[in-house]
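The analysis underlying the following values was restricted to heavy atoms, covering all of them including side chains, and did not include hydrogens, waters or symmetry mates.
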Amino acid sequence: MTEQPQFRITPVDGHNLWPVLKLKVAPEQTQFIETNAQSLAEAGFDKRFDWHPYALMVADTVVGFAMVGALNTEERYIWLDRLMLDAQYQHHGWGGTFLELLKAFIMTNWPVDTIVLSYERENTEAERFYFHHGFRDLHRVDDNNGEKMAVFGK
């Protein structure tokens with residue numbers, strides 16, 4: 001019997017920082033997402049949104065990165081601002097596994113009813129992926145970057 005991989009979400013810290021920084025999306029995806037170094041700099045220095053960066057792990061290997069924050073307690077939503085898997089770990093179904101884990105993790109750890117995210121209009125692959133995992137079109141664009149917005153939850 002083949003053992004299933006152990007998927008987990010863990011805060012970025014001194015033990016996994018360098019592996020997170022080495023992660024790279026596929027070349028054709030670089031135009032759609034900030035580097036992890038940019039995201040970590042944002043989390044470290046832009047305190048307005050209380051960003052929480054996470055390493056996505058399979059067993060003891062860092063395979064991806066996510067960042068959550070910009071909690072709106074009044075409207076009970078939070079942003080899943082980044083989600084990426086290293087190019088070598090894509091196309092194994094792990095992105096969907098991590099997105100499902102992240103949705104449950106967020107709903108458990110923050111007082112929210114919905115999760116919001118945005119993506120580049122041209123990134124139709126991301127749109128299909130998010131919609132397949134229960135997100136729906138908000139029919140709005142993010143005022144900060146012009147990206148299409150989607151929501152999961154109520």
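The ring of Trp79 has its center no closer than 6.0 angstrom to the ring center of His52.
Applying the side-chain hydrogen bond (donor to acceptor under 3.5 Å, both in side chains) test to every pair with at least one member in residues 32-43, sequence neighbours left out, gives these pairs: Glu34-Arg82, Thr35-Gln38, Ser39-Arg82, Glu42-Trp51, Glu42-Arg82. Within the structure, every pair that satisfies the side-chain hydrogen bond (donor to acceptor under 3.5 Å, both in side chains) test and touches residues 16-29, not counting sequence neighbours, is listed here: Gln29-Gln90.
Cluster membership for Val58 and Val12, using ILVMFWY side-chain heavy atoms within less than 4.5 angstrom, is not shared. In this structure, Leu23 is a member of the same hydrophobic cluster as Leu21, with clusters built from ILVMFWY side-chain heavy atoms closer than 4.5 Å. Leu117 and Leu138 end up in different hydrophobic clusters when Ile, Leu, Val, Met, Phe, Trp and Tyr side chains are linked at under 4.5 Å. Cluster annotation: Met84 is not connected to Phe32 through the hydrophobic network of ILVMFWY side chains, with a link wherever side-chain heavy atoms come within less than 4.5 Å. Leu102 and Tyr130 fall within a single hydrophobic cluster, where Ile, Leu, Val, Met, Phe, Trp and Tyr side chains are chained together by heavy-atom contacts under 4.5 Å.
The salt bridge (Lys or Arg N to Asp or Glu O under 4.0 Å) search around Arg76 returns Asp113, not counting sequence neighbours. Here Arg48 pairs with Asp46 under the side-chain hydrogen bond (donor to acceptor under 3.5 Å, both in side chains) rule; sequence neighbours left out. A search for side chain to side chain contact (heavy atoms under 4.5 Å, CB included) contacts involving His15 returns Asp13, not counting sequence neighbours. Shown here are the side chain to side chain contact (heavy atoms under 4.5 Å, CB included) partners of Thr30, two or more places apart in sequence or in another chain: Val25. In this view, Glu100 and Lys103 satisfy the salt bridge (Lys or Arg N to Asp or Glu O under 4.0 Å) rule, not counting sequence neighbours. By the side chain to side chain contact (heavy atoms under 4.5 Å, CB included) test, Asp143 is found to be paired with no residue, residues two or more places apart in sequence or in another chain being considered. Applying the salt bridge (Lys or Arg N to Asp or Glu O under 4.0 Å) test to Arg8 and every residue at least two apart in sequence or in another chain returns Asp60.
Applying the side chain to side chain contact (heavy atoms under 4.5 Å, CB included) test between Leu56 and each of Leu99, Thr97, Asp86, Leu83 identifies Leu83 as the sole match.
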Using residues 145-154 as the side-chain source, report each donor-acceptor pair under 3.5 Å to any protein atom, sequence neighbours left out, with the distance given to one decimal.
{"unit_1": "Asn145", "atom_1": "OD1", "unit_2": "Glu147", "atom_2": "N", "d": "2.9"}
{"unit_1": "Asn145", "atom_1": "ND2", "unit_2": "Glu147", "atom_2": "OE1", "d": "3.4"}
{"unit_1": "Glu147", "atom_1": "OE1", "unit_2": "Ser118", "atom_2": "OG", "d": "2.6"}
{"unit_1": "Lys148", "atom_1": "NZ", "unit_2": "Glu127", "atom_2": "OE2", "d": "2.7"}

Considering only distance and modelled atom types, tabulate donor-acceptor pairs under 3.5 Å from the side chains of residues 61-74, sequence neighbours left out.
{"unit_1": "Asn72", "atom_1": "OD1", "unit_2": "Glu74", "atom_2": "N", "d": "3.1"}
{"unit_1": "Asn72", "atom_1": "OD1", "unit_2": "Glu75", "atom_2": "N", "d": "2.7"}
{"unit_1": "Asn72", "atom_1": "ND2", "unit_2": "Tyr77", "atom_2": "OH", "d": "3.4"}

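More than 12 heavy atoms of other residues, nucleotides or ligands shown are found within 6.0 angstrom of CD on Glu122.
By the 4.5 Å side-chain criterion applied to Ile, Leu, Val, Met, Phe, Trp and Tyr, Phe45 is assigned to no cluster and stands alone.
Proximity of Val112 to Ile106: side-chain heavy atoms (C-beta onward) are separated by under 4.5 Å at one or more points. Side-chain contact check for Leu40 versus Val20: some heavy-atom pair is nearer than 4.5 Å. Looking only at side-chain heavy atoms (C-beta outward), Ile115 and Trp110 stay at 4.5 Å or farther from each other. Contact annotation: the side chain of Tyr119 never approaches that of Phe129 to less than 4.5 Å [non-hydrogen atoms, C-beta and beyond].
The two residues Ala87 and Ala26 have their closest heavy-atom pair at CB-N, 3.6 Å.
To the nearest 0.5 Å, atoms CG (Leu101) and CH2 (Trp94) are separated by 13.0 Å.
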